[in-house]
Number of protein chains: 2
Amino acid sequence: MSTLKYSRQRESIKVCLQGRKDHPTADMLYTDVRKEFPNISLGTVYRNLSLLSELGEIKRLTTGDGPDRFDGDTSTHHHFICRKCHCVTDLTMRDISEIKNVAAENFRGTIEDYSVNFYGICENCRNHPGNV
Amino acid sequence: MSTLKYSRQRESIKVCLQGRKDHPTADMLYTDVRKEFPNISLGTVYRNLSLLSELGEIKRLTTGDGPDRFDGDTSTHHHFICRKCHCVTDLTMRDISEIKNVAAENFRGTIEDYSVNFYGICENCRNHPGNV
DNA sequence: GTTTTTGCAAAGTATTTGCAAATGG
DNA sequence: CCATTTGCAAATACTTTGCAAAAAC
């Protein structure tokens with residue numbers, strides 16, 4: 001296996017992501033990072049996002065609708081995805097990790113992880129049905 | 001809105017899907033349905049899978065790895081996805097729908113649905129580490 | 001006859017990859 | 001120096017779409 005080398009681009013991508021509370025796509029981060037590195041390429045953004053999520057320094061969110069999104073907050077939490085405006089927001093809720101044990105009870109493989117997404121209409125879309 | 005017309009192709013796609021216990025991709029179903037309709041096009045398969053899942057007659061599964069998969073069983077259940085062979089299997093587990101209420105407690109939008117996926121290593125991959 | 005669906009091909013979206021040059025250690 | 005990373009462009013993977021012909025009703 002190869003040794004990891006520091007890169008200013010990777011660092012910037014990580015800092016940009018951690019400074020945001022939305023859950024940006026690769027392309028949104030590309031726009032952001034280009035302010036600091038105008039010549040960075042989208043390929044580099046994709047490569048580093050994949051690398052960082054393999055290292056566990058960020059999280060990849062697959063919403064089931066459109067491109068993957070990324071989250072700089074790696075602590076255990078779940079997301080709400082609005083089926084109208086497609087925004088992704090953090091949910092503050094009590095621990096539900098017990099569902100992993102429930103799933104493991106009758107299963108003969110090894111369950112290592114789980115992911116939960118909640119879907120519906122966000123507060124903003126419900127209040128402004130005309131938009132988006 | 002337009003009225004739905006019967007189509008032999010759509011019927012065949014649905015029957016093929018319901019006859020399988022794996023969770024095939026559009027392309028896998030395409031291969032299958034072509035035995036009955038050698039001239040069917042992949043576009044027709046995609047169109048009908050989207051339509052059927054909008055109608056609630058089948059379910060679309062987004063695994064976060066590779067193409068979407070489809071499930072002819074629309075009853076409430078959850079899935080395990082092997083991170084090695086990427087197989088998708090049904091989990092038999094007790095009801096966890098309470099997590100929807102837990103999520104709704106501190107959230108100001110409307111939660112309509114949720115999806116849970118479990119990840120890890122399936123029994124087969126664990127027993128045959130060399131394969132795949 | 002009118003509307004919906006199909007097959008085909010082309011286009012669209014998201015992401016990955018090959019390669020020579022640049023950077024990091 | 002040698003290994004890794006970059007920028008660029010081309011390639012890939014998956015899915016959707018426009019359109020004329022066929023099928024459904």
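This is a predicted model, so every value here is computed, not measured. Residue numbers start from 1 in every chain, and the chains themselves are labelled A, B, ... in the order their sequence lines are given, proteins ahead of strands.
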Any donor and acceptor pair, going by atom type alone, linking the side chain of B:R10 with main-chain N or O of B:K5 inside 3.5 Å?
-> yes
Grab the CD-C1' distance between B:E54 and D:dT16 for me, whole Å please.
-> 13 Å
Examine D:dT4: is either OP1 or OP2 under 4.0 Å from a nitrogen or oxygen in the side chain of A:T3? Give yes or no.
-> yes
Look at the rings of B:F107 and A:F80 and say which category their plane angle falls in: under 30° parallel, 30 to 60° tilted, over 60° perpendicular.
-> tilted
How far does OH of A:Y119 sit from SG of A:C82, to the nearest 0.5 angstrom?
-> 12.0 Å
First encountered from the 5' end of DNA chain D, between B:S7 and A:F37 | A:F37
B:S12-B:E36 side chain donor-acceptor pair, cut-off 3.5 Å | yes
DNA chain C contacts made by residues 8-15 of chain B, counting heavy atoms under 4.0 Å | B:Q9, B:R10
Is there a donor in the side chain of A:D65 and an acceptor in the side chain of A:T63, or the other way round, less than 3.5 Å apart?
-> no
In whole angstrom, give the distance that lies between atom OH of B:Y6 and atom P of C:dT4.
-> 18 Å
No-H, no-angle donor-acceptor pair, B:K5 side chain to C:dT5 base, under 3.5 Å = no
Nucleotide D:dT4, atom P - distance to CG of A:L52 in whole Å | 17 Å
Quick one: B:N48 CG to D:dA24 P, roughly how many Å, whole number?
-> 13 Å
Carboxylate-amine/guanidinium proximity below 4.0 Å for B:K100 and B:D113 = no
Are side-chain N/O atoms of A:S50 and A:R60 paired as donor and acceptor at under 3.5 Å?
-> yes
NA contact type, B:D27, heavy-atom cut-off 4.0 Å: base, sugar-phosphate, or nothing?
-> nothing
Answer yes if the side chains of A:D27 and A:T25 hold a donor-acceptor pair under 3.5 Å, and no otherwise.
-> no
What does nucleotides 10-22 of chain C look like as a protein-contact string, B for base, S for sugar-phosphate only, - for none, at under 4.0 angstrom between heavy atoms?
-> ----SBBBB----
By ring pair (Phe, Tyr, Trp, His ring centres under 6.0 Å) - contacts of B:H79 (at least two apart) | B:H23, B:H77
